[in-house]
Engineer: 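I'd like to ask some things about the structure below.
Values below: all heavy atoms of this structure, side chains included; hydrogens, waters and symmetry mates excluded. Chain A is the first sequence line, chain B the second, and so forth, proteins listed ahead of strands; every chain is numbered from 1.
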Amino acid sequence: MSTNVIEAINLQKKYGDVTALRNATFHIGEREIVGFAGDNGAGKSTLMKLVAGSIGHTAGQLLFAGKERQATSPEQARRDGIEIVYQDLALCDNLNVYENIYLGRELVSSVGGIRVLKHSAMRRGAHELLERLGIELTSMLDPVSTLSGGQRQMVAICRATAFQPKLIVMDEPTAALSVGAGQPLLELIRRLPGEGTAVMLVSHRLSDVLTTCSRVYVVRHGEVTTCVESATTSEATLLQLMEGHPDQEAGRPQGSGKSITESGPALPARS
Amino acid sequence: MSTNVIEAINLQKKYGDVTALRNATFHIGEREIVGFAGDNGAGKSTLMKLVAGSIGHTAGQLLFAGKERQATSPEQARRDGIEIVYQDLALCDNLNVYENIYLGRELVSSVGGIRVLKHSAMRRGAHELLERLGIELTSMLDPVSTLSGGQRQMVAICRATAFQPKLIVMDEPTAALSVGAGQPLLELIRRLPGEGTAVMLVSHRLSDVLTTCSRVYVVRHGEVTTCVESATTSEATLLQLMEGHPDQEAGRPQGSGKSITESGPALPARS
Amino acid sequence: GQLGSAAGPGNGSKKLGFALSTFTVPRYVKVDLPNFTNAASAQGYEVISQQADSNVDKQLENVTNLLSQNIAALCLMAVDAEAGVALVRKAKAANVPILAYNQAIPSKDLGGYVSRDNVQAGRDMVAAADKFLGGLNGNFIICSGQPGDQVAVDITQGYMEALKPALDSGKVKIVSQKFHAGWDPESARKQVEDSLTAAHNDVVAVLCNNDGLAGGAIQSLRAQGLATKAFVSGLDATSEACRAIVLGEQQMSVFTPYDQMGRRAAELSVKLAKGENIAEGKTYDLGGGQVPWFPMDSRIITKENVVEHVKQYSPAYVDAKVAFGNIPASQLPPGAAELVK
Amino acid sequence: MSTSVDEPATAAGAPVTVRKDPRKLLTYSREAESTTWRLLALVAVIALVWVVFQQVTGGVFVTPRNLTNLSVQVSVTALVALGVTWLLVARQIDLSSGALIALIAVMIAQSEVIHGWGFGVTVAVAIGIGLFSGLVNGVLVTAVGIPAFIATLGAFSYLRGAGYLISDGSTVSGLGSTMFTLGNGGLSPLPSVILIFVLAAAVLVYRGRRMIADVRRSGFRASQLLSLVAICLGAFLALWAFGLYQGIPYPVLLVLVAVAVASFVASQTRFGRHIYAVGGNPEAARRTGIKTKRILVVLFVVAGLLTSIGALIQAARLDAGPPSTAELMEMAAISAAVIGGTSLFGGRGTIGGTMLGAFLTGSIANGLSLAGVNTFWQLVATGLLLVAAVATDRRTRKEGLL
Amino acid sequence: MSTSVDEPATAAGAPVTVRKDPRKLLTYSREAESTTWRLLALVAVIALVWVVFQQVTGGVFVTPRNLTNLSVQVSVTALVALGVTWLLVARQIDLSSGALIALIAVMIAQSEVIHGWGFGVTVAVAIGIGLFSGLVNGVLVTAVGIPAFIATLGAFSYLRGAGYLISDGSTVSGLGSTMFTLGNGGLSPLPSVILIFVLAAAVLVYRGRRMIADVRRSGFRASQLLSLVAICLGAFLALWAFGLYQGIPYPVLLVLVAVAVASFVASQTRFGRHIYAVGGNPEAARRTGIKTKRILVVLFVVAGLLTSIGALIQAARLDAGPPSTAELMEMAAISAAVIGGTSLFGGRGTIGGTMLGAFLTGSIANGLSLAGVNTFWQLVATGLLLVAAVATDRRTRKEGLL
Ligand SMILES: Nc1ncnc2c1ncn2[C@@H]1O[C@H](COP(=O)(O)OP(=O)(O)OP(=O)(O)O)[C@@H](O)[C@H]1O
Ligand SMILES: Nc1ncnc2c1ncn2[C@@H]1O[C@H](COP(=O)(O)OP(=O)(O)OP(=O)(O)O)[C@@H](O)[C@H]1O
Ligand SMILES: [Mg+2]
Ligand SMILES: [Mg+2]
């Protein structure tokens with residue numbers, strides 16, 4: 001299991017009396033694209049935030065590259081090579097496009113021992129990153145608060161994909177994107193494993209999830225209930241798994257999709 | 001044209017040197033569901049905000065029920081019976097679910113001449129509204145900041161649909177909704193004309209737009225470029241119109257879709 | 001069961017209240033209060049003291065709190081004369097006799113009044129200026145203390161009274177008069193700096209309500225090379241002022257023997273606490289009634305008597321090192337050098 | 001792609017047949033719950049401070065007489081802080097309270113003593129000035145678009161200056177007897193005791209019933225019981241202090257009325273909700289059609305009104321109109337609100353918290369003064385105690401100790 | 001369904017073949033542009049105030065001597081306001097500046113006069129206290145979680161108390177000659193003129209080149225030219241004032257250095273960007289891995305450092321360490337920042353704006369004082385002018401008059 005970028009065992013997150021997540025057990029292999037599907041409020045974003053270290057879990061284990069982390073923090077996650085596109089984007093509204101993209105990792109050059117920002121290099125870099133996604137913004141220099149919903153989302157995506165991380169967590173990256181902008185993103189995601197990056201993808205566009213990911217974990221009512229191989233799963237099956245129809249609950253998937261629980265190999269013993 | 005809920009003629013919106021919208025001409029008839037499709041940054045949200053009065057236009061005309069409004073304001077729009085689901089939701093994060101839904105239109109009962117809030121009536125009302133969309137929230141009493149992305153969106157939708165308006169403007173209402181929650185919403189939207197409400201729907205899910213709306217306006221680069229009938233338009237055509245392929249530009253739609261410009265009746269003279 | 005009635009003379013309480021207006025002027029902590037306390041404890045009385053940061057509201061709370069501590073008599077240095085009336089009324093209601101200290105209170109319910117005459121101090125400063133300048137003539141600057149502070153108001157009133165003839169005849173012109181919140185020296189420095197600019201340095205005297213303000217004023221005079229040329233007055237004869245007097249940058253400071261004043265007030269308070277009569281001849285008309293009055297003489301500290309002053313009040317009140325340190329022996333008045341050693 | 005796949009044991013285990021989210025549905029507000037804990041923590045901190053002072057002052061602190069004094073000493077700050085709390089909730093600030101009190105106090109003295117106008121006219125003048133000054137602040141902020149900090153800082157200066165100008169820097173004392181009574185008199189002990197008893201009983205019954213209903217619905221919550229206990233204790237202390245000394249002083253009575261009205265408005269009226277909406281997300285509130293500017297103007301006017309009532313009390317207590325009065329009152333009011341949990345960034349704050357905040361700072365000042373601590377040490381101690389008290393409060397809540 | 005459909009003329013008209021968005025692509029930042037206008041408006045307001053005072057004072061206001069005085073009078077506020085600006089940008093506040101200046105001034109006097117320590121040691125002591133006090137504030141805010149308002153209000157009280165305690169309430173005067181020179185001396189006129197000339201030339205060349213490049217890329221913008229003009233005017237005034245009177249005073253020199261360093265840090269370093277990020281969206285900044293707490297601590301420490309430099313100037317100017325000095329300095333600093341466009345809600349604020357804000361309030365105080373206005377009227381006028389100046393500033397920008 002040492003090849004897993006990340007592994008979670010019975011992860012739990014409570015907000016006071018509210019259990020947002022319980023019994024979340026999953027793993028992401030290196031260079032793997034794994035989807036997470038679930039209803040609204042199922043706990044997907046909570047899970048993603050736990051992985052990115054922006055909140056801490058209240059029980060269970062979280063292992064990065066095989067090593068357990070008791071207390072996670074965003075800094076630690078960044079050092080571990082984990083990037084995330086938050087559902088709420090987490091942009092600094094008063095900063096401009098390239099400042100947001102390079103936030104915390106600004107390009108600097110040393111001038112007489114003092115590290116000076118390379119504004120124009122960052123501007124160019126941001127431009128290139130946006131071009132990878134096939135878009136152009138009216139101004140790289142205005143605060144991102146003046147951008148449209150989709151444009152803001154692209155900025156957040158650029159930030160996460162800019163620094164060749166080991167794992168990118170994407171929480172609904174295509175929600176605000178038009179079809180025209182969504183496709184290049186999905187293609188980009190598919191290219192990422194080739195660049196050494198694993199991806200965790202949360203999306204309500206089930207077709208995107210199924211066509212992009214190798215496996216899909218189903219999150220329901222705060223639990224990671226099952227895992228399916230996307231090659232053998234239809235949208236309808238996935239939907240049923242998400243909504244938890246009684247027959248699905250018992251572990252008998254309908255349609256063409258197969259729950260890996262039944263078809264996959266037995267669980268290897270964990271060291 | 002007096003049956004139009006709203007009509008815009010050459011509407012323009014400039015933010016300083018940035019022209020977000022120009023030459024926007026369109027109309028929404030009574031009990032009509034009209035879609036607006038366009039790329040990211042095309043100007044859809046700007047258009048919706050103009051209609052809802054939360055920003056003012058810099059040129060052109062905006063007519064509500066045939067009457068022109070020079071200066072619009074959210075209060076005026078509400079009085080005109082216009083409700084909107086903003087793309088950024090515009091929720092008060094510190095208020096709870098029912099307070100957000102009833103914000104500005106709280107239910108009150110008169111106790112000795114003083115209007116006292118009917119908290120439990122609002123709580124029940126909010127519960128019913130959410131049930132219409134087939135959902136349940138962990139707490140109606142917690143600030144909406146603790147809700148998931150999709151749950152927040154539903155609150156915004158409930159707020160817009162709660163008071164039998166004449167026109168509901170929906171800016172990407174399904175963006176954060178799961179498939180399971182999106183379907184009931186689309187059904188609700190389809191029911192709205194029956195209740196006397198017209199709908200302006202912005203969505204990047206083109207299939208939703210085509211199956212729900214009678215007509216779709218295409219917004220591109222800040223212009224409302226064309227209008228198609230959804231019955232005769234395929235997703236692919238719509239996409240091409242949005243992206244503005246050269247052959248579309250000249251007004252020759254491809255595939256099965258037909259631009260109303262060509263097939264529809266001539267423009268009636270405006271009085 | 002009103003606890004308040006338990007207080008007052010003859011109830012056997014051995015506590016005296018001493019409500020001061022501020023501690024930010026050094027004399028109160030260093031001279032008045034210790035002398036008062038010592039004199040009172042010599043007679044077996046404990047002193048509870050409060051001070052009000054020159055703030056009428058705070059003094060109201062102070063007095064209320066003192067009265068709730070079962071004191072036998074209250075010695076009150078009012079922040080504001082008029083506002084003191086209500087305090088006297090409160091004390092009387094609680095059956096506690098009250099002695100006004102340093103500051104008159106226009107109430108006939110006072111048991112007595114121990115004072116320095118602040119108006120007189122103002123007149124003294126003008127008289128000194130008259131002497132130094134050889135006649136009142138020219139442009140004056142007035143630096144007054146905290147707005148609303150009675151000491152500031154009274155001294156300034158003293159200036160105006162003494163200057164009136166010269167002002168009326170046009171021989172003296174006041175180019176600037178300003179009250180300074182918190183008696184802030186930096187604020188005084190700015191005032192004098194700006195006034196010098198406005199008057200093109202044609203200023204012959206700066207009358208200051210206390211030594212701190214004088215210190216600020218001297219700095220701006222120095223910057224224009226006017227220190228030692230223009231007349232500067234102050235109040236309290238602090239170490240700082242003594243130094244300036246030695247250097248010739250300040251001509252005089254008014255000083256009241258606060259030690260005697262404190263002791264006197266303690267004696268009188270104890271008498272009041274015991275319910276004894278303290279009427280003794282002099283009375284003060286407070287508008288509405290005469291009250292027994294115990295005036296204290298102020299003295300003027302100049303280069304001539306500054307060494308004597310420092311000798312007498314060092315180290316309790318002034319610091320010889322601050323007053324005379326780092327000054328060339330040639331400039332030191334006789335006897336000063338030994339004090340620094 | 002990895003082929004080994006984990007599967008949580010539960011999924012293959014016992015089948016779940018309900019569609020409902022099995023996660024606990026909350027029938028109470030966690031936000032309100034945490035606010036309650038914050039208030040309880042503050043009560044505990046105040047109790048701690050009291051115990052310490054009771055020791056230090058040799059038993060003088062917790063006596064009916066001193067508690068009565070304390071409650072009166074706190075009353076002006078409490079009234080001003082009430083108005084400031086709402087302004088802070090709506091993302092505004094008011095730095096002019098102290099100067100306004102001074103100006104009004106001067107005018108009260110002028111009216112009663114110099115002009116010989118009666119109590120009624122004087123009150124009208126006082127309140128009129130308060131309302132007008134609030135209106136000016138509100139208009140400057142909303143119509144002219146000056147940040148509240150600057151608009152009220154300007155007022156801080158010009159109102160204070162006006163007070164000095166009108167009084168010519170000197171205090172006028174000797175107000176009329178009605179005015180004097182307003183500041184120094186009170187309800188006599190018997191009706192006071194009855195009033196407190198009735199009030200406390202009403203609150204206890206109302207809250208007790210709600211608690212029982214809540215216990216049925218969502219189970220027992222310690223915070224509810226503890227609040228009841230705290231209210232009982234408070235009522236008992238009030239009964240003891242006011243009953244055994246001189247009854248409820250009028251200033252305290254005014255505060256009680258203001259608090260009751262404000263609490264009602266905050267939680268039971270549209271206007272109250274809109275204040276919080278404007279503070280939570282001004283743009284969203286505006287877009288919902290709420291007249292945000294009008295609300296802000298009203299809030300400034302209300303702050304002016306409460307300040308003018310405070311000024312009446314202040315002048316009446318001093319029996320004079322000193323133009324230098326109420327220095328730093330604005331700071332005292334803002335800190336009371338902030339200590340009570342009001343955010344300077346808007347959207348959050350309760351009236352109860354502000355009252356406790358005012359009581360905490362008032363207790364510290366009163367205790368240090370009673371203990372006869374040297375002033376300089378008093379300044380140091382005030383600062384340290386303030387920080388320590390708030391730190392204790394935060395810690396307690398953070399670690400769920402209370 | 002309506003069958004009549006509008007179709008904008010353009011769609012059927014001339015075909016567009018480019019995929020590029022035909023809407024203007026901005027090659028400049030509108031945000032920066034509007035900030036520039038705001039600063040220009042402030043400059044205009046200051047100029048207006050100057051013209052008025054020049055009339056009222058009969059020509060004394062705009063003289064080399066008075067401008068030199070003014071610049072020195074403003075210097076302490078400017079230094080303190082610089083640190084406060086960053087704190088405000090990062091959503092914090094510092095109410096302890098005035099008290100800290102007093103404490104440090106007292107310590108400077110103690111060190112030089114009582115202990116006879118040299119200039120170097122004294123400076124070290126002063127700066128040490130400033131840093132430490134800032135650190136305490138920072139730790140209280142970040143580690144203990146006390147709101148900055150309360151933590152620094154506590155410091156406001158205990159630092160002032162400490163100053164009184166150490167000095168026992170009395171002022172110690174007669175500092176060493178080096179210290180005295182620091183506050184009262186300056187660069188002699190010739191090097192001053194050269195320095196100003198070189199500095200201004202450098203700024204003009206740098207900005208001029210950028211302007212030319214910008215004109216090529218995105219066309220001419222009036223704001224750029226006007227800024228150049230404003231800089232020229234400022235340099236000319238400085239040349240005139242300092243050249244004809246006594247050269248650049250050391251306090252002003254210190255301010256210049258601080259402003260240069262701070263501007264560089266704000267715009268050209270990571271740390272600078274992170275301050276704005278933390279203020280704009282603290283949670284987003286934290287999630288991006290920025291050590292927000294560390295940044296806040298550093299900002300409090302920097303504020304302490306700048307305040308300690310201000311205290312050195314203050315003590316040196318007074319040649320003494322009065323424990324009562326610098327009352328309300330914190331308010332003066334905060335208002336300078338807010339007048340200069342810094343938001344109390346974080347994320348927005350410039351150093352240039354703050355300097356102009358300090359200059360505006362300083363000019364008003366100096367002008368009123370020169371004009372010999374009575375204290376009470378001065379208070380009224382200060383308040384009214386403050387409000388009027390900021391209102392003019394807002395109006396001008398709103399209506400695009402400037
Ligand atoms: N800070 C919080 N405090 C309390 N409850 C929270 C908090 N954050 C999330 N929750 C609750 O946790 C549950 C899961 O939320 P989460 O955001 O993880 O859902 P999600 O699967 O991402 O949903 P969506 O598809 O709508 O984004 C929700 O019921 C939500 O109300
Ligand atoms: N406040 C503003 N200031 C300046 N420019 C703005 C502002 N708001 C929007 N714009 C610009 O106007 C254009 C249109 O924005 P709008 O939000 O209307 O797009 P949209 O069609 O809704 O896009 P999306 O699908 O991404 O939501 C964008 O280029 C955006 O940058
Ligand atoms: Mg989510
Ligand atoms: Mg949009």
Engineer: Is it true that atom CH2 of E:W377 has more than 12 heavy atoms of other residues, nucleotides or ligands lying nearer than 6.0 Å?
Structural biologist: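 Counting neighbours around CH2 of E:W377, 12 or fewer heavy atoms of other residues, nucleotides or ligands fall under 6.0 Å, so no.
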Engineer: At a heavy-atom separation under 4.5 Å, does C:D211 approach chain E through its side chain, its backbone, both, or neither?
Structural biologist: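 Contact with chain E involves no heavy atom of C:D211 at all.
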Engineer: Highest number of heavy-atom pairs under 4.5 Å with chain C: which of E:Q73, E:R317, E:Q378, E:E327?
Structural biologist: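 Top count of heavy-atom pairs under 4.5 Å with chain C: E:R317.
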Engineer: Under 4.5 Å from any heavy atom of chain E, what part of C:L196 do you find: side chain, backbone, both or neither?
Structural biologist: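 Looking at C:L196, backbone and side chain both touch chain E.
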Engineer: Before you tell me yes or no, could you show the steps for E:N374 and C:K178 under side chain to side chain contact (heavy atoms under 4.5 Å, CB included), namely the whole-Å CA-CA distance, both residues' side-chain angles and the distance that decides it to 0.1 Å?
Structural biologist: CA-CA 7 Å; E:N374 151 328; C:K178 196 172 191 269; over 6 Å; no
Engineer: Give me the atom names and distance for the closest heavy-atom approach of E:S324 to C:W183.
Structural biologist: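 What the structure gives for the nearest pair is OG-O, 4.0 Å.
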Engineer: Is E:I114 close to chain C through its backbone or its side chain, or both, or neither, when contacts mean heavy atoms under 4.5 Å?
Structural biologist: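 Both backbone and side chain of E:I114 come within 4.5 Å of chain C.
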Engineer: Using non-hydrogen atoms only, which part of E:P323 is less than 4.5 Å away from chain C: side chain, backbone, both, or neither?
Structural biologist: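 Neither part.
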Engineer: Is C:Q224 in contact with chain E via its backbone, its side chain, both, or neither, using a 4.5 Å heavy-atom distance?
Structural biologist: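 C:Q224 touches chain E through side-chain heavy atoms alone.
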Engineer: At a heavy-atom separation under 4.5 Å, does C:P185 approach chain E through its side chain, its backbone, both, or neither?
Structural biologist: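 Backbone plus side chain of C:P185, per the 4.5 Å heavy-atom cut-off to chain E.
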Engineer: Once you round to the nearest 0.5 Å, how far does CZ of C:R189 lie from OG1 of E:T325?
Structural biologist: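 Separation between the atoms: 11.0 Å.
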Engineer: Can you pull out the residues in residues 162-185 of chain E with any heavy atom less than 4.5 Å from chain C?
Structural biologist: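 Within residues 162-185 of chain E, the residues that come under 4.5 Å of chain C (heavy atoms only) are E:Y164, E:S167, E:D168, E:G169, E:S170, E:T171, E:V172, E:S173, E:G174, E:F180, E:N184.
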Engineer: Determine, for E:R65 against C:E193, whether the closest basic-nitrogen to carboxylate-oxygen distance falls under 4.0 angstrom.
Structural biologist: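 Salt bridge absent between E:R65 and C:E193.
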Engineer: Name the residue from E:V60, E:L370, E:T57 that meets the side chain to side chain contact (heavy atoms under 4.5 Å, CB included) definition with C:D194.
Structural biologist: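 Checked E:V60, E:L370, E:T57 against C:D194; only one passes side chain to side chain contact (heavy atoms under 4.5 Å, CB included): E:L370.
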Engineer: Which answer fits C:T238, side chain, backbone, both or neither, if we ask what part of it has an atom under 4.5 Å from a heavy atom of chain E?
Structural biologist: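 Neither part; nothing is under 4.5 Å.
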Engineer: Looking at E:L328, E:D319, E:V72, which one has more heavy-atom pairs under 4.5 Å with chain C than the rest?
Structural biologist: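 Most pairs with chain C among the choices: E:D319.
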Engineer: Quick check on the interface: out of E:V113, E:V76, E:T63, E:N66, who has the most heavy-atom pairs with chain C under 4.5 Å?
Structural biologist: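 Most heavy-atom pairs under 4.5 Å with chain C: E:N66.
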Engineer: What part of C:R27 gets within 4.5 angstrom of chain E, counting heavy atoms only: side chain, backbone, both, or neither?
Structural biologist: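 When you check distances to chain E, no heavy atom of C:R27 falls under 4.5 Å.
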